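Comments concern the structure below.
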Amino acid sequence: MNIIDLKNFTLSIAQQEKTNLIVQGVSLSIQNGEILGVVGESGSGKTMLMRFLLGVMPQNMTASFDSFSFLGSLISLEESKNVRSDIAMVLQDPKTSLNPVLTVEDQIKEAFILKGDKDNLDEKVLKTLQEVSIQDPLRVAKSYPFELSGGMGQRVMIAMMLALKPKLLIADEPTSSLDAHVQRQILDLLRDTAKKNGMTLIIVSHDLPLISAYCHRVIVMYKGHIVDSCKAQDLSKSKHPYTKGLLRCLPKLNDPRKRLSILKREEIDL
Amino acid sequence: MIHAENLSVIFEKKGQKFQALSDVSFDVKKGESFGIIGESGSGKTTILNVLSGMVSQNSGAFKLNGTLQYVFQDPYSALHPYHTIGRILEEPLKIRKKIVDKSLIIQCLKNVGLGEEYYFRYPHELSGGQRQRVVIGRALVMQADVLLLDEPTSALDVSVQAEILNLLKDLQEKYKFTMILVTHDLPVVAFMCNDILVMRQGKVIERITSTNLRRGMIKNSYTKELVDLSF
Ligand SMILES: Nc1ncnc2c1ncn2[C@@H]1O[C@H](COP(=O)(O)OP(=O)(O)OP(=O)(O)O)[C@@H](O)[C@H]1O
Ligand SMILES: Nc1ncnc2c1ncn2[C@@H]1O[C@H](COP(=O)(O)OP(=O)(O)OP(=O)(O)O)[C@@H](O)[C@H]1O
Ligand SMILES: [Mg+2]
Ligand SMILES: [Mg+2]
């Protein structure tokens, strides 16, 4: 079964008397339990597409689609504007999305309580923090967001979202502030949770090798379109000029050079 | 240019002490790019916060000559929410009494791959990577002697990353500024920096050249692990 079926989705915004298209005619089906990677150009509409799936769009934007179903039920355009409680999203700017005046402990507890889980919360908070590889959970539980490092903020956000036990977890750049070691642990945790709870996972990231290693399938976005889609493990063999161009821009540890290749955008037509 | 000796930082709350940095020392020569990598929570950002005067060390000392610009790890919080991008870029120049004309700002946007149309936009109308580019553009337009960069390209797609890293190298060659780059991306740090500090739990565990990092001539087992586990 597909958890998401979206046909011909377009997102636009009226700006200074003209209409800008942010996402243009995108169709997307995601299987239950699938791990989908989303990569692409900065500003290509990845975050906006994800916010639409969740049901949190900026008010000045207008969405349209031919059809949209979530968990097997059709959703109307009006309904699509409401937050879907079965979806959780780890936002791209974790520290700004945490509540600055609540301790980590209180924020994670809120997530549990929202799910009707009210017992042994102290214990659960510590366990959750350990699961996201926080070394001193006691200190971190009592910390405010400003007292966390960038990567700790990301992990607290992930811990909170997992506590919500969503059917679909959208993670927008979830591990960009983590060292290689912790990054693996977090990705393993996400993958294991997905498997154990039958959760579907979307990972948005600029890290092509990571997406290729951890996802089942990947879609590539460019200027509001999905321009390429393949099995994640075949990403490096893609024939699409944009995907190939991106892969060429990656610096490599075993390839010292004075300058990095850059993308020739004029050679890519849609 | 930058000389840091035995920097230690202790955060204290309700009688509980937490040591974020223990005896961190390093030197960076003028015009050099210096990298800092290591565990999440190991004190990398705290080092930059000390150098920029945002956090004061409990012991140790440092010397830093010249003007300084700091690109924070969290780009959103660094941009005034109610100012247009144009104003955000002009303000620091005005404060330093430099002459500001619109063409300079447009050039600054262009340098980081953003078109003229971003001049009148507000930060919340930008994608994560676009905001990051504004922050980098603002730091570069100031032509400071020292540039502190905390994960400057982790929110950028790899093509924009390549353009910005090339730009940083070109500008450094031209203006000879000194750069400290904090990142988790080993290929990025090896591309940008000759000298790299590896941090874990508030301590320097190794100082290594990018050549040795590339060749796997690594002394510390944790550094080795970071290399092996990188994608
Ligand atoms: N509130 C808004 N008003 C106007 N334009 C907006 C608004 N929010 C986003 N945009 C524009 O929509 C486009 C898509 O933004 P989105 O955040 O989805 O990009 P993205 O693919 O997630 O990029 P990144 O990789 O940089 O995070 C961008 O060009 C951005 O400037
Ligand atoms: N203002 C503060 N008050 C209390 N503790 C703090 C404060 N700032 C940082 N810390 C703590 O100091 C440690 C080092 O934080 P820092 O932000 O320097 O780490 P980092 O190496 O930059 O990590 P990351 O790669 O995750 O960004 C962390 O354990 C953090 O919780
Ligand atoms: Mg985004
Ligand atoms: Mg940091």
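Each chain gets a letter, A, B and so on, in the order the sequences are listed, and its residues count up from 1. Treat the numbers as computed from the prediction; the structure is a model and nothing was measured.
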How about [X] and [Y]: do any of their side-chain heavy atoms sit closer than 4.5 Å?
| X | Y | value |
| --- | --- | --- |
| B:L165 | A:R259 | no |
| B:D157 | A:Y222 | no |
| B:Q161 | A:P251 | yes |
| A:Q183 | B:F231 | yes |

Chain B contact via [X] - which portion, at a heavy-atom distance below 4.5 Å:
| X | result |
| --- | --- |
| A:L148 | neither |
| A:E41 | both |
| A:S261 | backbone |
| A:E147 | side chain |
| A:L187 | side chain |
| A:S177 | both |
| A:K258 | backbone |

query = Where is the tightest heavy-atom contact between B:V227 and A:L253, given as atom of each residue plus distance?
reply = CG1-CD2, 4.0 Å

query = Can you name the nearest heavy-atom pair linking B:S40 to A:R155, along with the distance?
reply = OG-NH2, 2.7 Å

Highest number of heavy-atom pairs under 4.5 Å with chain B: which of [options]?
| options | value |
| --- | --- |
| A:G43, A:A180, A:G153 | A:A180 |
| A:I262, A:L210, A:L247 | A:L210 |
| A:D207, A:V182, A:L178 | A:L178 |
| A:G150, A:A213, A:S212, A:G245 | A:G150 |

Relative to chain A, which segment of [X] carries a heavy atom at a distance below 4.5 Å: side chain, backbone, both, or neither?
| X | result |
| --- | --- |
| B:F11 | neither |
| B:Q73 | side chain |
| B:K13 | side chain |
| B:S127 | side chain |
| B:T45 | neither |

For [X], I'd like to know if atom [atom1] has over 12 heavy atoms of other residues, nucleotides or ligands within 6.0 Å.
| X | atom1 | answer |
| --- | --- | --- |
| B:E12 | CD | yes |
| B:K102 | NZ | yes |
| B:E116 | CD | no |
| B:K224 | NZ | yes |

Output the option from [options] having the highest count of non-hydrogen pairs under 4.5 Å with chain A.
| options | result |
| --- | --- |
| B:Q130, B:K169, B:E151, B:E163 | B:E163 |
| B:R133, B:R215, B:K14, B:Q132 | B:R133 |
| B:S42, B:G113, B:A155 | B:A155 |
| B:D170, B:T46, B:V189, B:V182 | B:D170 |
| B:G128, B:A20, B:S210 | B:G128 |

query = Short question: side chain of A:D179, backbone of B:H184 - any donor-acceptor pair under 3.5 Å?
reply = no

key: B:N166 side-chain N/O to A:L260 backbone N/O, donor-acceptor pair under 3.5 Å   = yes

ask   = Is A:D255 paired with B:R214 through a side-chain N to carboxylate O contact shorter than 4.0 Å?
value = no

query = Does the distance from a Lys or Arg side-chain N to an Asp or Glu carboxylate O, for B:E117 and A:K18, drop under 4.0 Å?
reply = no

task = Check the side chains of B:E39 and A:H181 for a donor-acceptor pair under 3.5 angstrom, ignoring hydrogens and angles.
result = no

query = Does any donor atom in the side chain of A:R248 or B:S159 lie under 3.5 Å from an acceptor atom in the other side chain?
reply = no

message = Does the Lys NZ or Arg CZ of A:R139 fall within the cation-pi geometry relative to B:F18 - under 6.0 Å from the ring centre and within 45° of the axis?
response = yes

query = About how many Å separate CG of B:L186 and NZ of A:K252, when rounded to the nearest 0.5 Å?
reply = 15.0 Å

key: Interatomic spacing from OG in A:S42 to CG in B:L114 - rounded to 0.5 Å   = 8.0 Å

